[in-house]
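Since the structure is predicted, the reported quantities are computational estimates derived from the model, not experimental observations.
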Amino acid sequence: MRRLNTQDSNFAHELAKLLSLSEEDLSSIETVVTGILQEVKTRGDSAVLELTNQFDRINASSVQELELTHSKLQEALTSLPSAQRLALESAASRVRAYHERQKIESGCTSWEYEDEYGTKLGQKVTPLDRVGIYVPGGKAAYPSSVLMNAIPAKVAGVKEVIMVVPTPGGTHNPLVLAAAAVAGVDRIFTIGGAQAVGALAYGTQTIPPVDKIVGPGNAFVASAKRRVFGIVGIDMIAGPSEILVICDGSTDPDWVAMDLFSQAEHDELAQSILLCPDEAYLQAVEKSINKLLPEMPRKAVIEKSLRDRGAMILVKDMAQACEISNQIAPEHMEISAQNPRQWLELIRHAGAIFLGKFTSESLGDYCAGPNHVLPTSRTARFSSPLGVYDFIKRSSLIEVSQVGADQLGKIASVLAHGEGLQAHARAAEMRLKKD
């Protein structure tokens, strides 16, 4: 891992280089995705079937054949080893409990009040009717993504959750199917890629159109989500995984090294950064990395990620570490310190914040309770984790009394005339009390 020092004159330049992700040539991807979406929009099932058979190397005869029954999901759940089933159900229970609390605390409920003129004002909250969740299924399977996407939708009250997941070679992952059963997914289609996004956005003869698409995917999926936004809602455009650890030097260096590995193993573009005011501790973590790396099954991926995009940064003090963290706005941020809450108030931008040396990021990925679908690529500066609030919409309520019409109408009349909108003004004036 590269070593940076905030006291060096070129630190700002080196940090900018570290954070920049070289723009891949997206033109070819955009061209392919545009073509796929147009095919799905115009040809529906037949396009989805052809593309799925081609990309996933299967030989389905209809899209109906690609839909899995509830009995198939229950069969997968029943077939799990008891330890796996217990872990899956325990994680689901914690995720559900967190999002039920979030629904209460995050403005996800309707409310009203009455002003001094007897006018009633408020907010009506309603869940989305139908949501599509995309679950990756190429290089790896992610049952945790099923829980994190489907459970908050169900807690919000979404009537129908439709899941799409690619199954290369026709191989179904039993943990993913079991997670769908536990999370309450209503329908599941074994399709993936841009064609799955198109099917969810436009609808086909078999797959109904949804109101919003959530969940991570590869560059083709990200491009497709970007292009269908406006026809449907989307959660976010996910980038490579990120972790930033602020450490005061009191945590076992092996623990911190493994936390850095936990994101680096996702893919070569993932980013792992350690900030610490103790030079000797940085050296200890580097020694731990060299010791632990050879035993990791995904050694090659971790090594390339740490070499190309990782860094250890020597900072002046913990306060400066927090300042730099805010500049980076990481997806996952650990404060691994003796008194982590001392520094929490200084953190403004992070997808998820993990407090204390016992709080590994991996617990948040699987079972702590908060959502693991988080903003990446510095978007934590202006966006939030996936939550119940992503699956509801708010309508304003206005019920004006006769007295209120007289009071508010005079104000509206003046402003409407000022904007040159006479019909607006007259609509308000007609309801004014006649003297």
Side-chain angles (χ1 to χ4, degrees), residues 29-30 32-56 58 60 62-69 73 127-138 142 145-154 156-168 176-177 179-180 183-238 373 386 390-393:
I29 291 177
E30 292 289 336
V32 171
V33 167
T34 300
I36 289 174
L37 292 178
Q38 186 60 35
E39 286 288 298
V40 172
K41 185 176 183 180
T42 57
R43 295 174 53 224
D45 275 2
S46 59
V48 171
L49 184 63
E50 287 175 18
L51 292 163
T52 300
N53 284 342
Q54 175 188 344
F55 293 133
D56 287 347
I58 59 178
S62 69
V63 173
Q64 289 90 336
E65 189 179 323
L66 299 173
E67 182 172 6
L68 301 182
T69 62
L73 305 186
L128 304 184
D129 288 339
R130 184 184 293 129
V131 166
I133 65 172
Y134 189 100
V135 177
Y142 297 99
S145 285
V146 180
L147 303 182
M148 296 294 180
N149 284 277
I151 287 177
K154 282 298 182 181
V158 173
K159 294 176 183 176
E160 188 174 25
V161 174
I162 298 178
M163 174 176 143
V164 293
V165 57
T167 54
V176 168
L177 302 191
V185 171
D186 297 288
R187 299 180 71 181
I188 176 170
F189 293 89
T190 55
I191 60 175
Q195 65 270 24
V197 174
L200 292 172
Y202 306 126
T204 72
Q205 293 85 347
T206 301
I207 303 170
V210 302
D211 301 311
K212 192 167 191 174
I213 300 172
V214 302
N218 62 19
F220 291 91
V221 172
S223 174
K225 285 173 68 177
R226 187 180 292 111
R227 293 188 72 82
V228 300
F229 176 63
I231 298 169
V232 293
I234 63 171
D235 51 349
M236 61 187 78
I237 304 297
V373 180
L386 188 72
D390 286 297
F391 299 101
I392 61 149
K393 52 191 174 60

Verify side chain to side chain contact (heavy atoms under 4.5 Å, CB included) between Tyr202 and Val228, making sure each step is shown before the conclusion.
CA-CA 9 Å; Tyr202 306 126; Val228 300; 3.9 Å; yes
With distance as the sole test, does Ser223 use its side chain to make a donor-acceptor pair with the main-chain N or O of Ala219 at under 3.5 Å?
no
Please test Gln205 against Arg43 for side chain to side chain contact (heavy atoms under 4.5 Å, CB included), starting from the C-alpha separation and ending with a verdict.
CA-CA 9 Å; Gln205 293 85 347; Arg43 295 174 53 224; over 6 Å; no
Can you find a heavy atom in the side chain of Phe189 that is under 4.5 Å from one in the side chain of Leu200?
no
Straight-line distance of Gln64 CD to Thr206 OG1, nearest 0.5 Å:
3.5 Å
Output yes when a side-chain donor or acceptor of Thr52 lies under 3.5 Å from a complementary backbone atom of Leu49, and no otherwise.
no
Does Asp56 reach the main-chain N or O of Ile58 with its side chain, forming a donor-acceptor pair under 3.5 Å?
no
Electrostatic pair Asp211-Lys159, nearest N-O below 4.0 angstrom:
no
Is there a donor-acceptor pair closer than 3.5 Å between any side-chain N or O of Asp45 and the backbone N or O of Val63?
no
Which atoms form the tightest heavy-atom contact between Ile133 and Ala150, and what is the distance?
CD1-CB, 3.8 Å
How about Val135 and Val164: do any of their side-chain heavy atoms sit closer than 4.5 Å?
no
Taking all non-hydrogen atoms of both residues, which atom of Pro136 and which atom of Pro216 are closest, and how far apart?
CG-O, 3.6 Å
Do Ile188 and Leu73 come close enough that some side-chain heavy atom pair is under 4.5 Å?
yes
Would you say that Tyr134 contacts Val165 through its side chain, given a criterion of any heavy-atom pair below 4.5 Å between the two side chains?
no
Please tell me if the side chains of Val33 and Arg227 come closer than 4.5 Å, counting only heavy atoms from C-beta onward.
yes
Flag the pair Lys212 and Asp235 as a salt bridge only when some basic side-chain nitrogen lies within less than 4.0 angstrom of an acidic carboxylate oxygen.
no
Checking side chain to side chain contact (heavy atoms under 4.5 Å, CB included) for the pair Val131/Phe391: CA distance, chi angles, key distance, verdict?
CA-CA 8 Å; Val131 166; Phe391 299 101; 3.7 Å; yes
When you look at Leu128 and Ile392, which way does the side chain to side chain contact (heavy atoms under 4.5 Å, CB included) test go after all the steps?
CA-CA 6 Å; Leu128 304 184; Ile392 61 149; over 6 Å; no
Any side-chain heavy atom of Gln195 sitting closer than 4.5 Å to one from Glu39?
no
Starting at CE of Met148, measure out to CG of Leu386 and round the result to the nearest 0.5 Å.
10.0 Å
Leu177 side, atom CG; Met163 side, atom CE - distance, nearest 0.5 Å:
6.5 Å
If you take all heavy atoms of Ile191 and Ala199, which pair is closest and at what distance?
CD1-CB, 4.3 Å
For the residue pair Lys154 and Val161, establish whether any side-chain heavy-atom pair is separated by less than 4.5 Å.
yes
Considering all heavy atoms of both residues, which atom of Ile231 and which atom of Ala201 are nearest to each other, and what is their separation?
CG2-O, 4.0 Å
Tell me, do Val214 and Asp390 make a side-chain contact under 4.5 Å, heavy atoms counted?
no
Restricting to non-hydrogen atoms, name the atom on Leu66 and the atom on Ala60 that form the minimum distance, rounded to 0.1 Å.
CD2-CB, 3.7 Å
Taking all atoms of both residues into account, what is the closest heavy-atom pair of Glu160 and Arg187, and its distance?
OE2-CD, 3.2 Å
